[in-house]
Amino acid sequence: MLATAIAAIPASPIVAIFDRATALRAAGRDLVDFSVGEPDFDTPDHICRAGAEAIANGSTRYTPTDGTATLKDAVRGKFARDNGLEFSRAEIVVGAGAKPLLATAMQTVVNPGEEVILTTPAWASHVGMIQLCGGAAAFVPTGGDDGFKLDAARLQAAITPATRMLLLCSPSNPTGAVYRAAELASLAEVLRGHPDILVMSDDLYEHIVFDDREFATLAAVAPDLRERILTVNGVSKAYAMTGWRIGYAGGPEWWTDGIRAVFSQTNGGPCSISQAAATAALDGPQDFLADWRETYRRRRDLALEGLARIEGLETATPEGAFYLLPHCGGLIGRKTPGGRVIGSSTDLAGYYLDAGIVVVPGAGFFRDPYFRMSVATSDDNIREGIRRMEAACAALS
Ligand SMILES: Cc1ncc(COP(=O)(O)O)c(C=O)c1O
């Protein structure tokens, strides 16, 4: 029998869609897949070469649990260059992806029963991490009207004596919302009145911000709070390195020490070869990031243009990341040609799947009725997927 904390974690409603998509693909069905959460670019050559060189020169052994000194220095350089944040080596910890880093960082500070404030629609794994600590997710629902963002009044209202942490994710998966520096400053003002609340800032999509928006992160906006902010980032989304599995965090030493202690007993150090590649990514040229950003923006606009033609869908313009989150309330209650009623975004995702399109239903993000579409795919796929979606929606009565 599973342990209580694990057994309490509900099966993801998304899994059923993925399982069906996998079965359809295996049966030879042509699907346009909008569910992927990773860049479709290849890892740049100079990064791959650094990985290959690490193998050739024998960098194939255990590294320190929290990353090599070389990579930690590259991370420190990145935080200083991009965010104006200064950290000592001891204030940096590297993990095998941002995901385990976020989960372990949470595990080191959240006690059973304590609350973590986060907005919905939320990334499902953020919620799962809270549950694994025995913590409670204190959801603040957001929508198109508030730009999917928390403000000072709603943060204040969400705080209870049990609040342990605020979890920020900007640019957001799945909403694409990007906090401005001034908005973070107003959240910081609330946090100053609650010295026991910690903050985790998930900055994974930092480099994917559109329309001249400036990326901002709380630790830089409110340096007086630095003793209680952990800034988490990684190379997956920025450098198309999802398979290399390197994430990193900068924060107060008491917190990074906690993460190191857990990693030393569980994960060990991340892959030595990937660390060499990540060092090359952070220290190497950054100019291609602007080209990639422009490609995502173009695809976002292409998808938005198509979605606007579909009656029943309303899609806010995401300011960052590579997801669109259409609101599908206008399609709920309609009937498919086969006579099934679309009662939720999960039903809609199932119907889209029959039409050859894979999307992630909003139930997986704890807020309905929405579905998520990734535009980390080709223009042709976007055009074809939207064409299918338009035809499928037009067939509803
Ligand atoms: C918001 C967010 N944070 C973290 C991650 C995980 O990143 P990594 O590949 O470094 O584990 C993801 C991946 O989808 C994400 O969307």
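Read the numbers this way: they start at 1 and go in the same order the structure lists the ligands and their atoms. A quick note: this is a predicted structure, and the numbers were derived from the prediction, not measured.
At a heavy-atom cutoff of 4.0 Å, ligand 1 is contacted by the side chain of Cys169 but not by its backbone. Counting heavy atoms closer than 4.0 Å to ligand 1, residue Arg245 contributes side-chain atoms (C-beta onward) but none from N, CA, C or O. Contact annotation: for Ser236 versus ligand 1, heavy atoms closer than 4.0 Å belong to the side chain alone.
Counting heavy atoms from C-beta on, the side chains of Leu324 and Pro318 come closer than 4.5 Å. Using a 4.5 Å heavy-atom cutoff, the side chains of Phe148 and Ser170 are not in contact. Between Pro171 and Phe215, some side-chain heavy-atom pair lies under the 4.5 Å cut-off.
Near Gly97, meaning under 4.0 Å from any of its heavy atoms, are these atoms of ligand 1: 10 (O), 11 (O). Ligand-side atoms of ligand 1 in range of Tyr205: 1 (C), 2 (C), 14 (O), 15 (C), 16 (O), range being under 4.0 angstrom from any heavy atom. Within ligand 1, the atoms closer than 4.0 Å to a non-hydrogen atom of Lys237 are 12 (C), 13 (C), 14 (O), numbered from 1 in the order shown.
Nearest protein heavy-atom contact of atom 5 (C) of ligand 1 is Trp123 CH2, 3.3 Å.
Note on ligand 1: Leu204 sits in its first shell, one or more heavy atoms being nearer than 4.0 Å.
Shown here is Glu311, whose CD atom has no more than 12 heavy atoms of other residues, nucleotides or ligands within 6.0 Å. Within a 6.0 Å radius of CD in Glu314, no more than 12 heavy atoms belonging to other residues, nucleotides or ligands are found. Atom CG of Asn57 has more than 12 neighbouring heavy atoms from other residues, nucleotides or ligands inside a 6.0 Å radius. Within 6.0 Å of CG in Asp45 there are 12 or fewer heavy atoms belonging to other residues, nucleotides or ligands.
Geometrically, ligand 1 and Asp202 share a nitrogen or oxygen pair separated by less than 3.5 Å. Between Ala98 and ligand 1, a contact under 3.5 Å exists for at least one N or O pair. Note: no N/O pair closer than 3.5 Å links Tyr323 and ligand 1 by distance alone.
Among the candidates Tyr296, Phe365, Tyr205, Trp123, the single residue satisfying the ring-ring contact (aromatic ring centres under 6.0 Å, His included) test with Tyr323 is Tyr205.
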